[in-house]
Amino acid sequence: MPRQTIAHIDMNALLHNYQQAKIAAPQSQTMAVVKADGYGHGMLKVAQTLAEVADGFAVAFVDEAIACRDAGLTQPILVLEGAHSPEDLDLAVDYDLWLVMHQPEQIDWLIEFDRTLMPGATKPTVWFKCDTGLHRLGLSPQALHDALNQVPSSYLEKAVLMGHFACADDLSNPMNTQQLMQLNDLAKKYQLPISMANSPAIVADSHSHGKWNRLGIALYGAEPLNQSSATQSNVMLKPVMTLKAAIIGLRHIQSGEAVGYGQIWHAQRDSVIATVAIGYGDGYPRHAPCGTPVYIHGQLVPLVGRVSMDMITIDVTDLIQVPIIGDMVELWGANLSVTTVAEHVKTINYELVTRISTRVTKTYHNT
Ligand SMILES: *Cc1c(COP(=O)(O)O)cnc(C)c1O
């Protein structure tokens, strides 16, 4: 039997979360963001599951978009980083991709590309991204103005004005309103529809909903809002990924003995230690501290000792049901939210699900 280290992917939960986002933003089209292998859930499986319902898809770069087209998706596919080089414009036409224009060089490439087109040839669909304060990608208001005046007017017919929040998970942050106001002002000035909202804004800030919203982490059922904001959304998400691994070792140790590399944890009492077949080589974070919860037999028990490449050790002394070799442990998922684990590890749920390595078997279920 293959190693039972498995990311169980619940396709019904995925569909449920997509529908929840549609209900939360009924006037908007909702793009399913499937970049980074569908946030670690399997890009093509996720996209194919949503193929009947999704208004569109979004990916980071052209290669990801081509993989989606080759898999047979027919919806719009938006490339969030746009063209990395002039050649990407040819690919955008060949594969019918939508490109985000966020950098003046990309505007130059587009104008040059357009000059070489035969009369009547298909033109790529482009969005214009404005930098409203994240200062990562986006045209300045002046560069946006220049771009909209320079590109042939045919590109403006299908164009969308896009922005991206810097602090969307924190509903009380005044930056959100500032960024949205700036984008709305520009949209009014240039008579363009907008796309601003990502997951936290979709579930909790209806003012930000635009012609298109971009649904990422919430599609996968992970909490998009920070702890103090989370109560302000009544969207019910279902976790899509449940990460599981089997117990392959069990031992009794005495009080005072240490477990694992570097002996960072010493038992305070006589203890039962289970060794579980998952480690940082599988994407379980090496920096998970002692005390990070795992779920087994209806209880939460703590990680103890250092995470190794292929294994972790957990303290199962307090388990009511005595564990045996082969019992499955849940690292996160249906019974233990990935957000809780992320808080222990001092990272975010996005990083944990995205970093699951290829050595973990993904299984797909319609529960
Ligand atoms: C990844 C990404 C999204 C999705 O964000 P979530 O917070 O996961 O919903 C939206 N827009 C852009 C520009 C992105 O890069």
Side-chain angles (χ1 to χ4, degrees), residues 14 17-18 20-22 24-25 28-41 43 46-47 50 54-65 68 76-84 97-103 106 126-139 160-171 173 175-176 179-180 183 194-206 208-226 229-230 233 235 237 239-241 338-339 342 347-355:
L14 189 79
N17 297 333
Y18 185 81
Q20 289 299 114
K22 290 292 287 181
S28 305
Q29 307 255 77
T30 300
M31 260 169 190
V33 183
V34 296
K35 64 190 179 187
D37 199 26
Y39 288 43
H41 295 67
M43 176 173 74
V46 166
L50 296 169
D55 301 320
F57 294 96
V59 295
F61 47 91
V62 163
D63 312 58
E64 291 181 324
C68 286
I77 303 176
L78 178 70
V79 180
L80 294 164
E81 292 173 1
H84 286 189
L97 312 177
W98 294 5
L99 295 177
V100 172
M101 297 279 148
H102 59 77
Q103 184 68 30
Q106 293 175 325
V126 297
W127 288 21
F128 295 89
K129 184 173 192 178
C130 186
D131 180 3
T132 58
L134 179 60
H135 299 326
R136 187 181 64 180
L137 294 181
L139 302 164
V160 171
L161 184 63
M162 172 180 165
H164 195 40
F165 285 119
C167 308
D169 65 318
D170 176 10
L171 294 174
N173 197 311
M175 188 66 185
N176 297 326
Q179 289 187 273
L180 183 60
L183 197 76
I194 68 157
S195 173
M196 187 71 186
N198 61 339
S199 294
I202 291 169
V203 302
D205 178 12
S206 59
S208 71
H209 297 170
K211 178 175 186 187
W212 283 95
N213 297 337
R214 309 185 302 271
L215 179 71
I217 194 72
L219 176 62
Y220 305 98
E223 175 59 57
L225 295 160
N226 73 10
S229 304
S233 158
V235 174
L237 301 170
V240 175
M241 179 193 291
V338 65
T339 309
T347 182
I348 53 173
N349 46 24
Y350 295 74
E351 187 181 19
L352 292 186
V353 290
T354 305
R355 294 188 72 158

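Both ligands and their constituent atoms are indexed starting at 1 by order of listing. Basis for what follows: all heavy atoms, side chains included, without hydrogens, waters or symmetry-related copies.
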For the side chain of [X] and the backbone of [Y], is there at least one donor-acceptor N/O pair under 3.5 Å apart?
X: Asp37; Y: Tyr39; answer: no
X: Glu64; Y: Ala36; answer: yes
X: Ser199; Y: Ile217; answer: yes

Looking only at distances, can you tell me whether any N or O atom of [X], backbone or side chain, sits closer than 3.5 Å to an N or O atom of ligand 1?
X: Ile217; answer: yes
X: Ser199; answer: yes
X: Gly216; answer: yes

Among all protein heavy atoms, pick out the one at the shortest distance from [atom]; state its residue, atom name and that distance to 0.1 Å.
atom: atom 11 (N) of ligand 1; value: Arg214 NE, 2.9 Å
atom: atom 13 (C) of ligand 1; value: Met162 CE, 3.6 Å
atom: atom 7 (O) of ligand 1; value: Tyr350 OH, 2.6 Å
atom: atom 12 (C) of ligand 1; value: His164 CE1, 3.5 Å
atom: atom 4 (C) of ligand 1; value: Tyr39 OH, 3.3 Å

Let me have the donor-acceptor pairs involving side chains of residues 162-170, under 3.5 Å, with sequence neighbours excluded, atom names and distances please.
residue	atom	partner	partner atom	Å
His164	ND1	Arg214	NH2	3.1
Asp170	OD1	Ser172	N	3.3
Asp170	OD1	Ser172	OG	2.8

Heavy-atom side-chain proximity of Leu171 to Leu225 below 4.5 angstrom
yes
Return the set of residues passing ring pair (Phe, Tyr, Trp, His ring centres under 6.0 Å) with His102 (not counting sequence neighbours), or none when no residue passes.
none
What class does the angle between the rings of Trp127 and Trp98 fall in, given that below 30° is parallel, 30 to 60° is tilted and above 60° is perpendicular?
tilted
Quick check on contacts: which atoms of ligand 1 are under 4.0 angstrom from a heavy atom of Lys35?
1 (C), 2 (C), 3 (C), 14 (C), 15 (O)
